[in-house]
Amino acid sequence: MWNRNHEAMPREKLARLQFLRLKQTLEAVYQLVPHYQKIFREIGAEPGDIRSLADLARLPFTIKDDLRNNYPYGLFTDGLNEVVRIHSSSGTTGLPTVVGYTRHDLEIWAELMARALSGAGAVRDSVVHIAYGYGLFTGGLGVHYGAEKIGATVVPISGGQTRRQVRMMKDLGTTLLACTPSYALNIAETMEEMQIDPGELQLKSGLFGAEPWSDNMRRVIEKKLQIRAFDIYGLSEVMGPGVAYECPAKEGLHLAEDHFIAEIIDPASGEVLPEGATGELVITTITKEALPVVRYRTHDITSLTREPCPCGRTHLRMAKVSGRTDDMLIIRGVNVFPSQVESILLNIGATEPHYQLVVDREGALDTLEIRVELTEQMFSDKVKGLEGLEKLIRDEISNLLGISTAVKLVEPKTIPRSEGKAERVIDRRKLR
Ligand code: DLL
(Lines give C-alpha, C1' and ligand atoms only; values in the text may rest on other atoms or scores of the structure.)
Protein backbone atom coordinates (compact mmCIF):
# COMPACT_ATOMS: atom_id res chain seq x y z
CA MET A 1 0.00 0.00 0.00
CA TRP A 2 1.40 3.38 -0.91
CA ASN A 3 -0.16 5.39 1.93
CA ARG A 4 -1.52 3.17 4.70
CA ASN A 5 -2.52 6.13 6.89
CA HIS A 6 -4.96 7.31 4.30
CA GLU A 7 -5.80 4.21 2.29
CA ALA A 8 -6.61 2.19 5.41
CA MET A 9 -8.05 5.01 7.54
CA PRO A 10 -10.84 3.80 9.87
CA ARG A 11 -14.16 4.66 8.26
CA GLU A 12 -15.43 6.89 11.08
CA LYS A 13 -12.30 8.99 10.86
CA LEU A 14 -12.64 9.06 7.07
CA ALA A 15 -16.23 10.32 7.36
CA ARG A 16 -15.12 13.15 9.67
CA LEU A 17 -12.34 14.09 7.28
CA GLN A 18 -14.74 14.03 4.33
CA PHE A 19 -17.22 16.30 6.06
CA LEU A 20 -14.53 18.79 7.05
CA ARG A 21 -13.18 18.90 3.52
CA LEU A 22 -16.65 19.08 2.00
CA LYS A 23 -17.42 22.17 4.11
CA GLN A 24 -14.21 23.82 2.93
CA THR A 25 -14.99 23.02 -0.69
CA LEU A 26 -18.55 24.34 -0.47
CA GLU A 27 -17.36 27.54 1.20
CA ALA A 28 -14.76 28.00 -1.52
CA VAL A 29 -17.12 27.54 -4.46
CA TYR A 30 -19.74 29.69 -2.77
CA GLN A 31 -17.26 32.52 -2.30
CA LEU A 32 -15.43 32.20 -5.59
CA VAL A 33 -17.55 30.70 -8.37
CA PRO A 34 -20.61 32.66 -9.61
CA HIS A 35 -22.20 29.47 -11.00
CA TYR A 36 -22.31 27.89 -7.53
CA GLN A 37 -23.38 31.16 -5.87
CA LYS A 38 -26.36 31.14 -8.19
CA ILE A 39 -27.16 27.51 -7.36
CA PHE A 40 -27.09 28.15 -3.61
CA ARG A 41 -29.28 31.22 -4.10
CA GLU A 42 -31.77 29.24 -6.18
CA ILE A 43 -32.26 26.62 -3.49
CA GLY A 44 -32.25 29.26 -0.76
CA ALA A 45 -29.31 27.78 1.12
CA GLU A 46 -25.79 28.60 2.19
CA PRO A 47 -22.87 26.23 2.69
CA GLY A 48 -23.51 26.38 6.46
CA ASP A 49 -26.86 24.66 5.89
CA ILE A 50 -25.08 21.49 4.83
CA ARG A 51 -24.70 19.91 8.27
CA SER A 52 -23.89 16.32 7.41
CA LEU A 53 -22.59 14.22 4.52
CA ALA A 54 -26.19 13.17 3.84
CA ASP A 55 -27.15 16.84 3.37
CA LEU A 56 -25.00 16.88 0.25
CA ALA A 57 -27.94 15.28 -1.57
CA ARG A 58 -29.83 18.57 -1.16
CA LEU A 59 -27.54 20.29 -3.65
CA PRO A 60 -28.21 20.18 -7.40
CA PHE A 61 -25.94 18.24 -9.74
CA THR A 62 -23.18 19.69 -11.86
CA ILE A 63 -23.25 18.44 -15.44
CA LYS A 64 -20.93 18.60 -18.42
CA ASP A 65 -23.03 21.40 -19.91
CA ASP A 66 -22.23 23.56 -16.88
CA LEU A 67 -18.56 23.25 -17.82
CA ARG A 68 -19.36 23.95 -21.47
CA ASN A 69 -21.53 26.95 -20.68
CA ASN A 70 -18.71 28.38 -18.60
CA TYR A 71 -16.03 27.50 -21.17
CA PRO A 72 -13.14 27.86 -20.76
CA TYR A 73 -12.38 29.08 -17.23
CA GLY A 74 -15.75 30.13 -15.76
CA LEU A 75 -15.90 27.43 -13.08
CA PHE A 76 -12.30 27.93 -11.93
CA THR A 77 -12.06 29.32 -8.39
CA ASP A 78 -9.33 31.83 -9.04
CA GLY A 79 -9.01 32.32 -12.78
CA LEU A 80 -5.57 31.24 -13.89
CA ASN A 81 -3.68 32.76 -10.97
CA GLU A 82 -2.62 29.56 -9.27
CA VAL A 83 -3.22 27.27 -12.26
CA VAL A 84 -0.09 25.53 -13.50
CA ARG A 85 -1.61 22.98 -15.90
CA ILE A 86 -4.53 22.62 -18.27
CA HIS A 87 -6.02 19.42 -19.66
CA SER A 88 -9.06 18.93 -21.82
CA SER A 89 -11.52 16.20 -22.63
CA SER A 90 -11.64 15.02 -26.20
CA GLY A 91 -14.78 16.93 -27.11
CA THR A 92 -16.18 14.34 -29.49
CA THR A 93 -19.64 15.47 -28.48
CA GLY A 94 -19.58 19.22 -28.94
CA LEU A 95 -17.40 21.87 -27.28
CA PRO A 96 -14.50 20.41 -25.37
CA THR A 97 -14.28 20.99 -21.64
CA VAL A 98 -11.18 22.50 -20.14
CA VAL A 99 -9.90 21.54 -16.71
CA GLY A 100 -7.17 23.17 -14.61
CA TYR A 101 -4.85 22.22 -11.76
CA THR A 102 -2.97 24.17 -9.11
CA ARG A 103 0.39 22.86 -7.96
CA HIS A 104 -1.36 21.31 -4.96
CA ASP A 105 -3.92 19.63 -7.25
CA LEU A 106 -1.07 18.09 -9.23
CA GLU A 107 0.56 16.84 -6.03
CA ILE A 108 -2.63 15.10 -4.98
CA TRP A 109 -3.10 13.66 -8.44
CA ALA A 110 0.43 12.21 -8.32
CA GLU A 111 -0.30 10.83 -4.84
CA LEU A 112 -3.46 9.07 -6.03
CA MET A 113 -1.68 7.71 -9.09
CA ALA A 114 1.12 6.44 -6.82
CA ARG A 115 -1.55 4.56 -4.85
CA ALA A 116 -3.02 3.08 -8.04
CA LEU A 117 0.36 2.05 -9.42
CA SER A 118 1.33 0.51 -6.06
CA GLY A 119 -1.96 -1.40 -6.08
CA ALA A 120 -0.86 -2.86 -9.41
CA GLY A 121 2.50 -3.86 -7.96
CA ALA A 122 4.74 -0.93 -8.98
CA VAL A 123 7.78 -0.24 -6.78
CA ARG A 124 10.96 1.84 -7.04
CA ASP A 125 12.61 -0.78 -9.24
CA SER A 126 9.73 -0.94 -11.70
CA VAL A 127 10.03 0.17 -15.30
CA VAL A 128 6.71 1.79 -16.17
CA HIS A 129 5.89 2.01 -19.87
CA ILE A 130 3.25 4.69 -20.38
CA ALA A 131 1.42 4.21 -23.67
CA TYR A 132 -1.56 6.36 -22.75
CA GLY A 133 -1.62 9.44 -24.94
CA TYR A 134 0.40 12.41 -23.66
CA GLY A 135 -0.97 15.90 -24.20
CA LEU A 136 -4.35 17.31 -23.34
CA PHE A 137 -5.64 13.81 -22.50
CA THR A 138 -5.08 13.16 -18.79
CA GLY A 139 -3.89 9.55 -19.26
CA GLY A 140 -0.21 10.05 -20.14
CA LEU A 141 0.83 12.83 -17.79
CA GLY A 142 -1.47 11.59 -15.02
CA VAL A 143 0.20 8.19 -14.80
CA HIS A 144 3.61 9.77 -15.43
CA TYR A 145 3.77 11.85 -12.27
CA GLY A 146 2.46 9.01 -10.11
CA ALA A 147 5.16 6.66 -11.39
CA GLU A 148 7.86 9.27 -10.80
CA LYS A 149 6.55 9.85 -7.29
CA ILE A 150 7.05 6.17 -6.53
CA GLY A 151 10.57 6.49 -7.87
CA ALA A 152 9.95 4.01 -10.68
CA THR A 153 11.67 4.42 -14.04
CA VAL A 154 9.26 6.00 -16.49
CA VAL A 155 9.22 5.37 -20.24
CA PRO A 156 6.95 8.17 -21.53
CA ILE A 157 6.33 6.66 -24.95
CA SER A 158 2.70 7.78 -25.49
CA GLY A 159 0.46 5.93 -27.99
CA GLY A 160 1.20 4.70 -31.52
CA GLN A 161 4.09 3.07 -33.42
CA THR A 162 3.21 -0.22 -31.85
CA ARG A 163 6.15 -2.27 -33.14
CA ARG A 164 8.51 0.25 -31.62
CA GLN A 165 6.58 -0.01 -28.35
CA VAL A 166 7.13 -3.77 -28.28
CA ARG A 167 10.84 -3.45 -29.02
CA MET A 168 11.29 -0.83 -26.31
CA MET A 169 9.37 -2.88 -23.76
CA LYS A 170 11.64 -5.83 -24.49
CA ASP A 171 14.91 -3.88 -24.57
CA LEU A 172 14.23 -1.63 -21.57
CA GLY A 173 12.91 -4.38 -19.31
CA THR A 174 9.43 -2.92 -18.84
CA THR A 175 7.68 -4.40 -15.81
CA LEU A 176 4.40 -2.48 -15.91
CA LEU A 177 2.42 -1.44 -18.97
CA ALA A 178 -0.05 1.44 -18.67
CA CYS A 179 -2.47 2.00 -21.58
CA THR A 180 -6.08 1.42 -22.57
CA PRO A 181 -7.16 -2.24 -22.52
CA SER A 182 -7.86 -2.12 -26.26
CA TYR A 183 -4.35 -0.84 -26.91
CA ALA A 184 -2.94 -3.59 -24.67
CA LEU A 185 -4.65 -6.08 -26.96
CA ASN A 186 -3.16 -4.35 -29.99
CA ILE A 187 0.29 -4.53 -28.38
CA ALA A 188 -0.18 -8.24 -27.63
CA GLU A 189 -1.17 -8.91 -31.23
CA THR A 190 1.79 -6.95 -32.56
CA MET A 191 4.08 -8.95 -30.29
CA GLU A 192 2.69 -12.12 -31.83
CA GLU A 193 3.30 -10.76 -35.33
CA MET A 194 6.87 -9.93 -34.37
CA GLN A 195 7.20 -13.49 -33.05
CA ILE A 196 8.18 -12.25 -29.64
CA ASP A 197 7.01 -14.41 -26.78
CA PRO A 198 5.82 -12.35 -23.78
CA GLY A 199 7.95 -14.69 -21.66
CA GLU A 200 11.01 -12.98 -23.17
CA LEU A 201 9.93 -9.73 -21.48
CA GLN A 202 10.07 -8.68 -17.83
CA LEU A 203 6.43 -7.58 -17.92
CA LYS A 204 4.53 -8.39 -14.72
CA SER A 205 1.44 -6.23 -14.67
CA GLY A 206 -0.73 -3.79 -16.57
CA LEU A 207 -2.75 -0.78 -15.44
CA PHE A 208 -5.60 -0.41 -17.88
CA GLY A 209 -8.50 2.01 -18.03
CA ALA A 210 -10.07 5.01 -19.78
CA GLU A 211 -12.69 2.76 -21.42
CA PRO A 212 -14.97 -0.07 -20.33
CA TRP A 213 -13.55 -3.60 -20.48
CA SER A 214 -15.13 -6.80 -19.25
CA ASP A 215 -13.60 -9.32 -16.85
CA ASN A 216 -13.45 -11.71 -19.79
CA MET A 217 -11.33 -9.15 -21.66
CA ARG A 218 -9.10 -9.02 -18.60
CA ARG A 219 -8.56 -12.79 -18.83
CA VAL A 220 -7.72 -12.56 -22.55
CA ILE A 221 -5.16 -9.78 -21.98
CA GLU A 222 -3.66 -11.54 -18.95
CA LYS A 223 -3.21 -14.72 -20.96
CA LYS A 224 -1.84 -13.07 -24.08
CA LEU A 225 0.65 -10.86 -22.24
CA GLN A 226 1.25 -13.24 -19.32
CA ILE A 227 0.63 -10.50 -16.75
CA ARG A 228 -1.79 -9.46 -14.04
CA ALA A 229 -4.12 -6.77 -15.33
CA PHE A 230 -5.55 -4.06 -13.06
CA ASP A 231 -8.36 -1.62 -13.72
CA ILE A 232 -7.98 2.12 -13.18
CA TYR A 233 -10.76 4.67 -13.41
CA GLY A 234 -11.00 8.43 -13.63
CA LEU A 235 -12.29 11.34 -15.65
CA SER A 236 -10.83 14.70 -16.54
CA GLU A 237 -13.61 16.79 -15.01
CA VAL A 238 -12.90 15.24 -11.61
CA MET A 239 -9.10 14.86 -11.93
CA GLY A 240 -8.02 12.23 -14.47
CA PRO A 241 -6.85 8.65 -13.89
CA GLY A 242 -6.55 7.61 -10.23
CA VAL A 243 -10.01 8.48 -8.91
CA ALA A 244 -10.48 4.73 -8.31
CA TYR A 245 -8.18 1.77 -8.79
CA GLU A 246 -7.98 -1.96 -8.18
CA CYS A 247 -5.99 -3.58 -5.40
CA PRO A 248 -4.55 -7.12 -5.65
CA ALA A 249 -7.90 -8.54 -4.45
CA LYS A 250 -9.48 -7.27 -7.70
CA GLU A 251 -12.94 -7.21 -6.18
CA GLY A 252 -13.83 -3.69 -7.20
CA LEU A 253 -11.98 -0.39 -7.50
CA HIS A 254 -11.14 1.56 -4.32
CA LEU A 255 -12.34 5.12 -4.75
CA ALA A 256 -10.05 7.64 -3.05
CA GLU A 257 -12.55 8.77 -0.43
CA ASP A 258 -10.18 11.14 1.31
CA HIS A 259 -10.40 13.27 -1.86
CA PHE A 260 -13.80 12.46 -3.35
CA ILE A 261 -17.33 11.75 -2.17
CA ALA A 262 -19.20 9.23 -4.32
CA GLU A 263 -22.93 8.69 -4.68
CA ILE A 264 -25.00 6.45 -6.94
CA ILE A 265 -28.17 7.92 -8.39
CA ASP A 266 -31.00 6.72 -10.54
CA PRO A 267 -30.06 8.34 -13.86
CA ALA A 268 -33.72 8.97 -14.72
CA SER A 269 -35.03 10.46 -11.47
CA GLY A 270 -31.77 11.75 -9.96
CA GLU A 271 -32.65 10.11 -6.67
CA VAL A 272 -29.80 8.77 -4.50
CA LEU A 273 -29.83 4.95 -4.47
CA PRO A 274 -28.96 2.73 -1.51
CA GLU A 275 -25.57 1.04 -1.16
CA GLY A 276 -25.13 -1.84 -3.59
CA ALA A 277 -27.62 -0.58 -6.17
CA THR A 278 -26.48 -0.06 -9.74
CA GLY A 279 -26.85 3.41 -11.19
CA GLU A 280 -24.96 6.50 -12.26
CA LEU A 281 -21.87 7.54 -10.34
CA VAL A 282 -21.86 11.11 -9.01
CA ILE A 283 -18.64 12.60 -7.60
CA THR A 284 -17.91 15.60 -5.42
CA THR A 285 -14.27 16.66 -5.15
CA ILE A 286 -13.27 17.72 -1.64
CA THR A 287 -9.65 18.78 -2.03
CA LYS A 288 -9.46 20.18 -5.57
CA GLU A 289 -8.44 23.83 -5.63
CA ALA A 290 -8.52 25.09 -9.22
CA LEU A 291 -11.72 23.39 -10.36
CA PRO A 292 -13.76 21.75 -7.62
CA VAL A 293 -16.94 20.04 -8.78
CA VAL A 294 -19.99 19.48 -6.61
CA ARG A 295 -22.11 16.41 -7.38
CA TYR A 296 -20.72 15.94 -10.86
CA ARG A 297 -22.72 13.48 -12.97
CA THR A 298 -20.20 11.12 -14.54
CA HIS A 299 -22.72 9.18 -16.70
CA ASP A 300 -20.82 6.04 -15.71
CA ILE A 301 -22.83 3.04 -14.59
CA THR A 302 -21.59 1.16 -11.54
CA SER A 303 -22.40 0.29 -7.91
CA LEU A 304 -20.63 0.92 -4.59
CA THR A 305 -19.89 -1.19 -1.54
CA ARG A 306 -18.40 -0.26 1.83
CA GLU A 307 -17.86 -3.89 2.84
CA PRO A 308 -14.29 -4.46 4.10
CA CYS A 309 -11.81 -5.57 1.43
CA PRO A 310 -9.32 -8.40 2.10
CA CYS A 311 -6.48 -6.03 1.13
CA GLY A 312 -7.04 -3.83 4.19
CA ARG A 313 -7.86 -0.65 2.30
CA THR A 314 -10.97 0.88 3.84
CA HIS A 315 -12.09 3.11 0.97
CA LEU A 316 -15.31 2.03 -0.67
CA ARG A 317 -15.16 -0.15 -3.75
CA MET A 318 -16.83 0.60 -7.01
CA ALA A 319 -17.81 -2.22 -9.38
CA LYS A 320 -16.09 -2.27 -12.77
CA VAL A 321 -17.83 0.38 -14.88
CA SER A 322 -20.08 -1.42 -17.36
CA GLY A 323 -20.55 1.59 -19.62
CA ARG A 324 -21.85 5.13 -19.91
CA THR A 325 -25.50 6.05 -19.88
CA ASP A 326 -24.90 7.71 -23.25
CA ASP A 327 -23.27 4.56 -24.73
CA MET A 328 -26.15 2.37 -23.72
CA LEU A 329 -27.91 0.88 -26.71
CA ILE A 330 -31.65 0.39 -26.59
CA ILE A 331 -32.44 -2.47 -28.92
CA ARG A 332 -36.18 -2.99 -29.19
CA GLY A 333 -36.67 -1.73 -25.69
CA VAL A 334 -33.85 -3.72 -24.10
CA ASN A 335 -30.89 -1.84 -22.64
CA VAL A 336 -27.51 -3.20 -23.67
CA PHE A 337 -23.95 -2.08 -23.06
CA PRO A 338 -21.22 -2.95 -25.55
CA SER A 339 -19.24 -4.47 -22.65
CA GLN A 340 -21.99 -7.05 -22.11
CA VAL A 341 -21.73 -8.17 -25.73
CA GLU A 342 -17.93 -8.24 -25.35
CA SER A 343 -18.22 -10.48 -22.33
CA ILE A 344 -20.43 -12.99 -24.16
CA LEU A 345 -18.25 -13.07 -27.27
CA LEU A 346 -15.13 -13.71 -25.23
CA ASN A 347 -16.86 -16.34 -23.17
CA ILE A 348 -17.73 -18.28 -26.32
CA GLY A 349 -14.08 -17.80 -27.17
CA ALA A 350 -14.25 -19.04 -30.76
CA THR A 351 -13.44 -15.66 -32.32
CA GLU A 352 -10.74 -13.02 -31.91
CA PRO A 353 -11.37 -10.42 -29.18
CA HIS A 354 -11.88 -7.74 -31.85
CA TYR A 355 -15.44 -6.64 -32.43
CA GLN A 356 -17.66 -3.73 -33.36
CA LEU A 357 -21.35 -3.11 -32.96
CA VAL A 358 -23.27 -1.53 -35.81
CA VAL A 359 -26.54 0.05 -34.77
CA ASP A 360 -29.08 1.02 -37.38
CA ARG A 361 -32.77 1.65 -37.67
CA GLU A 362 -35.35 -0.21 -39.72
CA GLY A 363 -38.61 1.67 -39.62
CA ALA A 364 -39.19 2.49 -35.97
CA LEU A 365 -36.98 -0.29 -34.63
CA ASP A 366 -33.29 -0.22 -33.80
CA THR A 367 -31.22 -3.09 -35.08
CA LEU A 368 -27.85 -4.38 -33.95
CA GLU A 369 -25.24 -6.16 -36.01
CA ILE A 370 -22.27 -7.67 -34.24
CA ARG A 371 -19.11 -7.81 -36.30
CA VAL A 372 -16.46 -10.04 -34.91
CA GLU A 373 -13.21 -11.31 -36.35
CA LEU A 374 -12.57 -14.93 -37.14
CA THR A 375 -9.37 -16.51 -35.96
CA GLU A 376 -6.85 -17.24 -38.73
CA GLN A 377 -7.58 -20.91 -38.32
CA MET A 378 -11.36 -20.59 -38.54
CA PHE A 379 -10.90 -18.37 -41.55
CA SER A 380 -8.82 -20.93 -43.40
CA ASP A 381 -11.36 -23.65 -42.58
CA LYS A 382 -13.63 -21.67 -44.91
CA VAL A 383 -17.39 -21.77 -44.67
CA LYS A 384 -17.49 -25.04 -42.79
CA GLY A 385 -18.73 -24.38 -39.29
CA LEU A 386 -19.12 -20.64 -39.77
CA GLU A 387 -22.89 -20.68 -39.97
CA GLY A 388 -22.96 -22.76 -36.83
CA LEU A 389 -20.75 -20.24 -35.07
CA GLU A 390 -22.89 -17.30 -36.15
CA LYS A 391 -25.94 -19.09 -34.83
CA LEU A 392 -24.20 -19.95 -31.56
CA ILE A 393 -23.31 -16.28 -30.97
CA ARG A 394 -26.82 -15.12 -31.92
CA ASP A 395 -28.38 -17.67 -29.55
CA GLU A 396 -26.10 -16.83 -26.63
CA ILE A 397 -26.81 -13.12 -27.01
CA SER A 398 -30.49 -13.76 -27.28
CA ASN A 399 -30.50 -16.03 -24.20
CA LEU A 400 -28.38 -13.80 -22.01
CA LEU A 401 -29.38 -10.30 -23.10
CA GLY A 402 -32.82 -10.92 -24.56
CA ILE A 403 -32.17 -9.18 -27.86
CA SER A 404 -32.02 -10.47 -31.39
CA THR A 405 -28.98 -9.47 -33.38
CA ALA A 406 -27.34 -10.13 -36.69
CA VAL A 407 -23.85 -11.60 -36.47
CA LYS A 408 -21.26 -11.05 -39.15
CA LEU A 409 -18.00 -12.95 -38.95
CA VAL A 410 -15.33 -10.89 -40.65
CA GLU A 411 -11.81 -11.67 -41.85
CA PRO A 412 -8.96 -11.53 -39.36
CA LYS A 413 -7.44 -8.05 -38.87
CA THR A 414 -10.20 -6.12 -40.62
CA ILE A 415 -11.61 -4.34 -37.57
CA PRO A 416 -9.61 -1.17 -36.87
CA ARG A 417 -7.11 -1.52 -34.03
CA SER A 418 -7.13 1.05 -31.26
CA GLU A 419 -4.22 3.16 -30.06
CA GLY A 420 -6.30 4.85 -27.36
CA LYS A 421 -9.98 4.53 -26.61
CA ALA A 422 -11.52 1.92 -28.91
CA GLU A 423 -14.49 2.78 -31.07
CA ARG A 424 -16.83 -0.11 -30.35
CA VAL A 425 -20.07 1.26 -31.75
CA ILE A 426 -20.84 2.50 -35.23
CA ASP A 427 -24.13 4.29 -35.02
CA ARG A 428 -25.61 4.50 -38.50
CA ARG A 429 -28.73 6.17 -37.13
CA LYS A 430 -26.72 9.32 -36.67
CA LEU A 431 -25.47 9.30 -40.26
CA ARG A 432 -28.94 9.58 -41.72
O1 DLL B 1 -10.20 8.54 -19.57
C2 DLL B 1 -9.01 9.33 -17.62
C3 DLL B 1 -8.28 8.05 -17.55
C4 DLL B 1 -7.05 7.92 -18.19
C5 DLL B 1 -8.75 6.99 -16.80
C6 DLL B 1 -6.33 6.76 -18.09
C7 DLL B 1 -8.04 5.81 -16.69
C8 DLL B 1 -6.83 5.69 -17.33
P9 DLL B 1 -11.64 11.15 -19.89
O10 DLL B 1 -11.00 11.16 -21.22
O11 DLL B 1 -12.20 12.41 -19.35
O12 DLL B 1 -10.64 10.65 -18.80
O13 DLL B 1 -12.79 10.05 -19.96
C14 DLL B 1 -13.50 9.71 -18.80
O15 DLL B 1 -13.78 7.42 -19.57
O16 DLL B 1 -16.27 8.96 -17.55
C17 DLL B 1 -15.62 6.73 -18.29
O18 DLL B 1 -16.76 6.78 -19.13
C19 DLL B 1 -14.43 6.26 -19.09
N20 DLL B 1 -13.53 5.48 -18.24
C21 DLL B 1 -12.41 5.90 -17.64
N22 DLL B 1 -11.84 4.88 -16.95
C23 DLL B 1 -12.63 3.81 -17.12
C24 DLL B 1 -12.60 2.46 -16.65
C25 DLL B 1 -10.00 9.43 -18.76
N26 DLL B 1 -11.62 1.99 -15.91
C27 DLL B 1 -14.47 8.59 -19.10
N28 DLL B 1 -13.63 1.65 -17.00
C29 DLL B 1 -15.20 8.13 -17.87
C30 DLL B 1 -14.64 2.10 -17.76
C31 DLL B 1 -13.73 4.19 -17.92
N32 DLL B 1 -14.71 3.35 -18.24
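Atoms within a ligand are numbered from 1 in the order they appear, just like the ligands themselves.
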Q. When you look for heavy atoms under 4.0 Å from ligand 1, do you find them on the side chain of Thr138, its backbone, both, or neither?
A. side chain
**Q.** Closest candidate by heavy atom, reference atom 9 (P) of ligand 1, pool Pro181, Gly142, Ser236
**A.** Ser236
(Q) On a heavy-atom basis, I'd like to know which of Asp326, Val143, Asp300 is closest to atom 29 (C) of ligand 1. (A) Asp300
Q: Considering only NZ, NE, NH1 and NH2 on the basic side and carboxylate oxygens on the acidic side, decide whether Glu211 and Lys421 come within less than 4.0 Å.
A: no
Q) With sequence neighbours excluded, what pairs up with Glu107 under the salt bridge (Lys or Arg N to Asp or Glu O under 4.0 Å) test? A) none
**Q.** N or O contact, Asp231 vs ligand 1, cut-off under 3.5 Å
**A.** yes
(Q) I'd like to know whether ligand 1 has Lys320 as a neighbour, heavy-atom separation below 4.0 Å. (A) no
**Q.** Polar atom proximity, Ile232 to ligand 1 (N or O, under 3.5 Å)
**A.** yes
Q) Is there a side-chain contact between Pro47 and Phe40 (heavy atoms, below 4.5 Å)? A) yes
**Q.** Residue pairs passing the side chain to side chain donor-acceptor pair (under 3.5 Å) test where at least one lies in residues 113-124, sequence neighbours excluded
**A.** Glu111-Arg115, Arg115-Asp258
Q: Might you point out which heavy atoms bring Leu67 and Val98 nearest each other, and give the distance in Å?
A: CD2-O, 4.4 Å
**Q.** Residue portion contacting ligand 1 (non-hydrogen atoms closer than 4.0 Å) for Tyr132
**A.** side chain
(Q) Please work out, at 4.0 Å between heavy atoms, whether the side chain, the backbone, both, or neither of Glu211 comes within that distance of ligand 1. (A) backbone
Q: Looking only at protein heavy atoms, identify the closest one to atom 1 (O) of ligand 1 and say how far it is in Å.
A: Lys421 NZ, 2.9 Å
Q: Quickly, which of Arg85, Glu82, Lys288 forms a side-chain contact (heavy atoms from CB on, under 4.5 Å) with Thr102? Name it, please.
A: Glu82
Q. If you count the non-hydrogen atoms of other residues, nucleotides and ligands that lie under 6.0 Å from CZ in Arg11, is the total more than 12?
A. yes
Q. Does atom CD of Glu189 have more than 12 heavy-atom neighbours from other groups under 6.0 Å away?
A. yes
Q.
Contact between ligand 1 and Phe208 is defined here as a heavy atom of the residue under 4.0 Å from a ligand atom; is it met?
A. no
Q: To the nearest 0.5 angstrom, please state how far the CD1 atom of Ile403 sits from the CZ atom of Arg332.
A: 10.0 Å
Q: Would you indicate which of Gly242, Ala210, Gly234, Gly209 comes nearest to atom 14 (C) of ligand 1 when only heavy atoms are counted?
A: Gly234
**Q.** Those atoms of ligand 1 less than 4.0 Å from some heavy atom in Leu235
**A.** 11 (O), 12 (O), 14 (C), 16 (O)
Q. If you measure every N/O of Gly139 against every N/O of ligand 1, is any gap under 3.5 Å?
A. no
